[in-house]
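Note that this is a predicted model, so its numbers are computed, not measured. Chain naming here is simple, since letters A, B, ... match the order of the sequence lines and numbering starts at 1 in each.
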Number of protein chains: 2
Amino acid sequence: MTDTNTLKPKYIQVFDDLLERISNGVFPVGSTLPTEKELCAEFGISRYTVREALRRLAERGIVERRQGSGSQVVAENGPQVYSHRMQSISELHQYATLTKLDYIDSKMVIVDDEIAQILGRPSGSKWLQVDALRRNPQGRALNYTRIYINEAFRKIEPELHDLSGPHYDLIEARFGVSVSEAVQTISAEVFPEDVAKALGRSEKSWSVLAIRRYLALDDMPIQTSFNWTPAEEFSYVMHLKRDD
Amino acid sequence: MTDTNTLKPKYIQVFDDLLERISNGVFPVGSTLPTEKELCAEFGISRYTVREALRRLAERGIVERRQGSGSQVVAENGPQVYSHRMQSISELHQYATLTKLDYIDSKMVIVDDEIAQILGRPSGSKWLQVDALRRNPQGRALNYTRIYINEAFRKIEPELHDLSGPHYDLIEARFGVSVSEAVQTISAEVFPEDVAKALGRSEKSWSVLAIRRYLALDDMPIQTSFNWTPAEEFSYVMHLKRDD
DNA sequence: CGATATTATATGTCCGGACAAATAATGAAA
DNA sequence: TTTCATTATTTGTCCGGACATATAATATCG
């Protein structure tokens, strides 16, 4: 390596060099990088040092390496810059710890087009619909929640009323299917009539609707919950930190 | 290594072995792992192989390695389970790409207790307050934004009206201070009177308020923006994926 | 020509070694 | 006893090598 860069390890210099060539199109996304052997020759360094540079590119998700076939460029920049991290998926809803669900109703339903689209299944699909009020320890209703549970897991219904934790934990315990991804959508709307009534709100009052989809591998929907909270009572915080 | 484990690379076996000893208390959080040299002797393997195992522990955040002093156990398990990741902090607000800010006003202000607390500075602190409407390409107003920019960066004011990107990018370019963390709070409230007026909404109508704080290192506030969006027009999506 | 076998290639695992840099421990001087 | 210098230790950088494994390319066979 050149003396003008002696403050950095060689593998960082090679990493930087390759990264620059990737970002300015010499090695565009979809292309194959030179082999380890070729890079050793080009930079006049050992294979170990080349591999350290390539490993860092792979860790950043910029390159994918495959034994026998080489290193493919799969992205121009590291995919992640900022992240919001949780130790448990249950942090997604940000309820105080001691709230509990007061069950109103559960039944098998066939959902219409609009709901089916949100649930990620065809129109006409069947779901176990569970309605409940979430209450704080003093018994006050905080919000209304309607959960659609994938038909495949409907056998958990008898256990619902004794449930202290989230439904997806019970589904995982009973069926071995775990949440691999969750999608939350926050929007605002006027309370649906039945929800307003259950919460003792007037018909035209505003709510914040948080829809939370819980997916297993291959985007298989486990359950989706619709949560209506009175607008003035809703608050949600996200912390994004830079990945260094 | 023993023959009963020949399906796994040696370094994975050592990684697994150390991980088990960490989780069952042989090497508790706060303790120091055996040196590389000791591990080589214990497992009868090369230093390279030991280092690969230790590197994986370090990548998982379980161990911190320090030249000259060894490997300290800092956590029992990998710290994060689910994460929502963004390539750019500007993804935090989820505006369509082609919206632009239509500036209404900018001035130095002294903020009261309530705002100061949100901004993370003492009451009475000075801020460059910038008010604007965000418009889509057709010119329709989407929301009202009020930005409080740290007094230390007020010299960017003359450049605001020509600005096409986010303020914090300009601050980074001019002052070399970059966003290391962002905090977004989403809640709902009736529109403030002046905001409702500017957006042509009635006084009692609902908005969703997204407050976004942009912090540099050591929690130094760079800027904070308050964004009022008509309730029925607000929607926000988060994707959480499990870190594998 | 298509399918299968063989060979070549490219990355993965692992070894041993040497020197550099950061930290800890020990010894000497004030 | 405290401070500073020296030595020892520990991890980091980098070299060279060998064999294993997965994939790609080429050759052979039906």
Checklist entry - Which residue, B:Q67 or A:I12, contacts DNA chain D at a nucleotide closer to its 5' end, judged by nearest heavy atom? => result B:Q67
Next on the checklist: With nearest nucleotide decided by heavy atoms, which residue, B:G70 or A:G68, maps closer to the 5′ end of DNA chain D?
Outcome noted: B:G70
Checklist entry - Counting only N and O atoms by type, is there a donor-acceptor contact under 3.5 Å from the side chain of A:D113 to the main-chain atoms of A:S123? => result no
Item to check | Under 3.5 Å donor-acceptor, B:R213 side chain and B:I118 backbone | outcome: yes
Checklist entry - Taking 5' to 3' order, which nucleotide of DNA chain D is first and which is last to have an atom within less than 4.0 Å of a heavy atom in chain A? => result D:dT13 to D:dA24
Checklist entry - By a strict heavy-atom criterion of less than 4.0 Å, which residues belonging to residues 27-39 of chain A are in contact with DNA chain C? => result A:T35, A:E36
Checklist entry - Salt bridge check: are B:R55 and A:E59 linked by an N-O gap of less than 4.0 Å? => result yes
Checklist outcome for this item: Rounded to whole Å, the OH-P distance (A:Y48 to C:dT13) equals 14 Å
Checklist outcome for this item: In whole angstroms, the gap separating C1' of C:dT23 from CD of B:Q72 amounts to 11 Å
Checklist entry - In terms of ring plane angle, is the pair A:Y214 and A:Y168 parallel, tilted or perpendicular, where the classes change at 30° and 60°? => result tilted
Next on the checklist: Taking 4.0 Å as the cut-off, does a side-chain nitrogen or oxygen of B:R66 come that near to OP1 or OP2 on C:dA22?
Outcome noted: no
Next on the checklist: Filter on side chain to side chain donor-acceptor pair (under 3.5 Å), then keep only pairs touching residues 21-32 of chain B, sequence neighbours left out; what's left?
Outcome noted: B:D17-B:R21, B:R21-B:E42, B:T32-B:Q72
Next on the checklist: Which heavy atom of B:S71 sits nearest to which heavy atom of B:L54, and what is that distance?
Outcome noted: OG-CD1, 4.2 Å
Checklist entry - If you draw a 6.0 Å radius around CD in B:E159, do more than 12 non-hydrogen atoms from other residues or ligands fall strictly inside? => result yes
Checklist entry - Under 6.0 Å from the CD atom of B:E151, do we count more than 12 heavy atoms belonging to anything else shown? => result yes
